[in-house]
Structure formats: structure tokens, C-alpha cells
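For this chain, numbers begin at 1 and follow the sequence in order. Just so we're clear, the structure is a prediction, and the values are computed from it rather than from any experiment.
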Amino acid sequence: MRLKDKVAIITGSGSGIGRATALLFGREGAKVMSMDILGDTAEATARDIKDAGGQADYVQGDVAIDADVERMVKTTVERFGRVDVLVNNAGILAVMRVAQVSEDLWDRIIDVNLKGVFLGCKHVIPQMMEQGGGAIVNTSSVAGVRGESNFSAYSASKGGVVLLTRTLAVEYARFNIRVNCVCPGLIQTPMFDRQLALLSDREKALERMKKTIPRRQIGEAEEVARGILFLASDEASLIMGAALPMDGGVWAGDPPW
Ligand SMILES: NC(=O)c1ccc[n+]([C@@H]2O[C@H](COP(=O)([O-])OP(=O)(O)OC[C@H]3O[C@@H](n4cnc5c(N)ncnc54)[C@H](O)[C@@H]3O)[C@@H](O)[C@H]2O)c1
């Protein structure tokens, strides 16, 4: 049990990578605060952790709203007494050419994916400093470390997450707070399914996508959750400011033809 008695907040835990992470953390002994903009999905994840014998609660909120994030941290401390781990995972995606991105859409993507991470860190770090330490794991993307056509706002937000992660890692290392991020590639989640559903010939599109991955396989949410667990656990005590690729080899080099 790598997170025995640790208290962990996971944002965007109602679906996909966040849900897989919350369930895994629950199995690893953490007391989990499940947070999502869709309160019923956050609640369902917390219920599933409890049904499996773990400890969990939930809070509804929008990571882009300062008061919601402040309440998320406060509620967790009231409920479980402390916060050892924060996983800033909530995110949204829009795939289109930059000229098609409206100002409102640009703002919302940056607000959720980048400002949301800032707000989570801003509100949890004073609590972690008071306790004597903690670990933060942010969800960036392979799109945050290399350019991808039609991903302008998303890539900009996720690239921002990588550098915010590194900045906070050096800023808070001496306070025993580790800050790292994961950079998943294509992962089988509802977000991935929604994008696939927009394409005309899904089977062909899926085969084309797999060919861009050296492993030739789409990742599973549980595989990303295991990387997040490692970075959140004391096993990663020396790791600070890392952007861990979790992409089947995409970041390592050109896809083989
Ligand atoms: N699936 C992929 O291929 C992939 C690849 C790289 C990175 N990521 C990143 O992983 C993270 C999780 O993605 P996923 O694929 O599991 O997506 P998902 O859509 O399945 O789950 C995202 C969750 O975040 C919640 N959410 C959205 N906006 C929110 C907000 N403002 N406040 C609180 N909760 C909010 C949603 O309700 C949902 O439950 C995201 O940050 C995403 O950008 C995903």
C-alpha cells in the first residue's frame, strides 16, 4: 500500500485518467477526495472506492474558479485533516485549426487546463508547507512538449503546465514539496472517444493513429494512473520537476514508417 493513510485530492476524477487514478489511490490506501465539475460523477467514483473497502468523499467544483478550488482544499482538510497529494488532472480538449478557435474557447481551454493547475497549487501549497511537505502531480500531455497540428490552445495550455511544474518544483523543493507532471499520449478515455466519434471512418482513423505510436497500441487510463501513483508516492522522493512521457514511445522519436 504505497499511499497508506495519505490524503489525496484528484481533480477530474469523474472520468477517464482521473477516475482510474482515484480508484488506484483508493486501493493503495489513500483517503481520496474526488473532485469534478460533474458532481454526480465525482460522487460515483467516491462511492466505488468505498464499495471496494477504501475511504473517499467528493466535492463538486470547477478548477477554473478560485473559490471552488479554495473550497476543495478546505473541505478536504475538514474531512480528512490534511492534504498529502494533489493530482491536478481535470482538462478539456478542442481539435481545430487556430483560425477556427474563438476567443472564448481559447480562454476556456487555458482557464481549465493551465489556470486550474495554478489555482490547485496556489491553494494546496500553504497547507502542505504547514504540514511539512507533500506531492503534486499535474497532467500535461505529449502535446505539451511537442507541436501537434490542430492542438493550438490545448498544446499551449499543456506546455504551460510543464513549465509551471518545473518552476514550482524548484520554488518548493526546500519545503519538501515535490511537483511533477505526466505527459500522456493517446489514451483510451471518454475524451479520446469523443474525438474519435467526430471522424468519418473511425476504424481507419484508429488504425492510422496506432501507426503513429511506436508501441502500436493506444494507452489505458490505468497505465497513466500507475505513473501518477509512482510520482505521488515516496518512491519518487528524488524526482522533482519531471515531465514523464507516458505515450508508448511517441516523445522518444519519429514514428517508424
Ligand atoms: N485521453 C488522452 O488521450 C489524453 C492524452 C494526454 C493528456 N490527457 C489529459 O488527461 C487529463 C484527463 O483526461 P481524460 O482523457 O481522462 O478526459 P475525460 O474527459 O475522460 O475526463 C476529464 C474529467 O475532467 C472533468 N472536468 C472537465 N473540466 C473540468 C473543470 N473545469 N473542473 C473540474 N473538472 C473538470 C470532466 O468532467 C471529466 O470528468 C486531461 O487533463 C487531459 O488533457 C488526456
Side-chain angles (χ1 to χ4, degrees), residues 2-13 18 21-22 25-26 28-37 39 42 46 55-91 110-140 157-158 160-182 228-244:
R2 277 169 287 181
L3 295 180
K4 190 161 169 39
D5 295 331
K6 301 248 184 188
V7 176
I9 302 174
I10 297 149
T11 70
S13 55
T21 303
F25 276 28
E28 290 287 337
K31 296 170 187 166
V32 176
M33 181 57 76
S34 169
M35 190 272 202
D36 205 287
I37 198 166
Q55 293 185 66
D57 207 337
Y58 79 99
V59 58
Q60 185 279 335
D62 181 341
V63 295
I65 297 177
D66 186 80
D68 283 12
V69 180
E70 188 176 20
R71 178 170 48 84
M72 168 185 88
V73 174
K74 206 165 164 255
T75 307
T76 308
V77 175
E78 280 165 10
R79 176 73 175 81
F80 295 123
R82 53 191 289 121
V83 186
D84 299 292
V85 178
L86 170 64
V87 181
N88 283 309
N89 163 81
I110 300 292
D111 277 359
V112 174
N113 294 3
L114 181 54
K115 190 172 97 175
V117 174
F118 152 66
L119 290 175
C121 295
K122 172 184 151 75
H123 287 295
V124 90
I125 282 172
Q127 174 64 32
M128 288 179 171
M129 284 174 71
E130 206 181 301
Q131 295 165 192
I136 298 173
V137 185
N138 301 321
T139 308
S140 179
S157 69
K158 294 297 187 179
V161 169
V162 172
L163 280 180
L164 180 60
T165 298
R166 290 188 181 140
T167 302
L168 297 186
V170 295
E171 206 169 311
Y172 291 100
R174 70 198 169 95
F175 297 104
N176 194 30
I177 299 172
R178 294 183 303 101
V179 189
N180 292 290
C181 68
V182 290
I228 294 173
L229 169 66
F230 168 65
L231 291 174
S233 76
D234 293 340
E235 288 174 10
S237 56
L238 197 55
I239 303 178
M240 298 173 181
L244 181 68

Residues forming a side chain to side chain donor-acceptor pair (under 3.5 Å) with Gln131, sequence neighbours excluded:
Gln127
Identify every side-chain donor-acceptor pair in residues 160-169 under 3.5 Å, counting partners at least two apart or on other chains, and give the distances.
unit_1	atom_1	unit_2	atom_2	d
Thr165	OG1	Asn138	ND2	3.0
Thr165	OG1	Val161	O	2.6
Thr167	OG1	Leu163	O	2.7

Per the side-chain contact (heavy atoms from CB on, under 4.5 Å) rule, which among Leu86, Ile136, Val83, Val73 passes with Ile125?
Ile136
Is there a side-chain contact between Val63 and Met72 in this structure, where contact means two heavy atoms from C-beta onward sitting under 4.5 Å apart?
no
Any salt bridge (Lys or Arg N to Asp or Glu O under 4.0 Å) involving residues 59-69? Give me the pairs, sequence neighbours left out, ordered by first then second residue.
Asp62-Arg108, Asp68-Arg71
Under the rule for side chain to side chain donor-acceptor pair (under 3.5 Å), what residues qualify as partners of Asp36, not counting sequence neighbours?
none
Contacts of type side chain to side chain donor-acceptor pair (under 3.5 Å), residue Ser13, not counting sequence neighbours:
Ser34
Residues in side chain to side chain donor-acceptor pair (under 3.5 Å) with Asp111, at least two apart?
none
Could you go through the side-chain contact (heavy atoms from CB on, under 4.5 Å) check for Asp57 and Phe80 one step at a time?
CA-CA 9 Å; Asp57 207 337; Phe80 295 123; 4.2 Å; yes
Would you mind checking if Glu78 and Lys74 are paired as a salt bridge, meaning a charged N to carboxylate O distance below 4.0 Å?
yes
Work out which heavy atom in Val32 is nearest to a heavy atom in Ala22; give both atom names and the distance.
CG2-O, 3.9 Å
If you take all heavy atoms of Ile239 and Arg178, which pair is closest and at what distance?
O-NH1, 3.3 Å
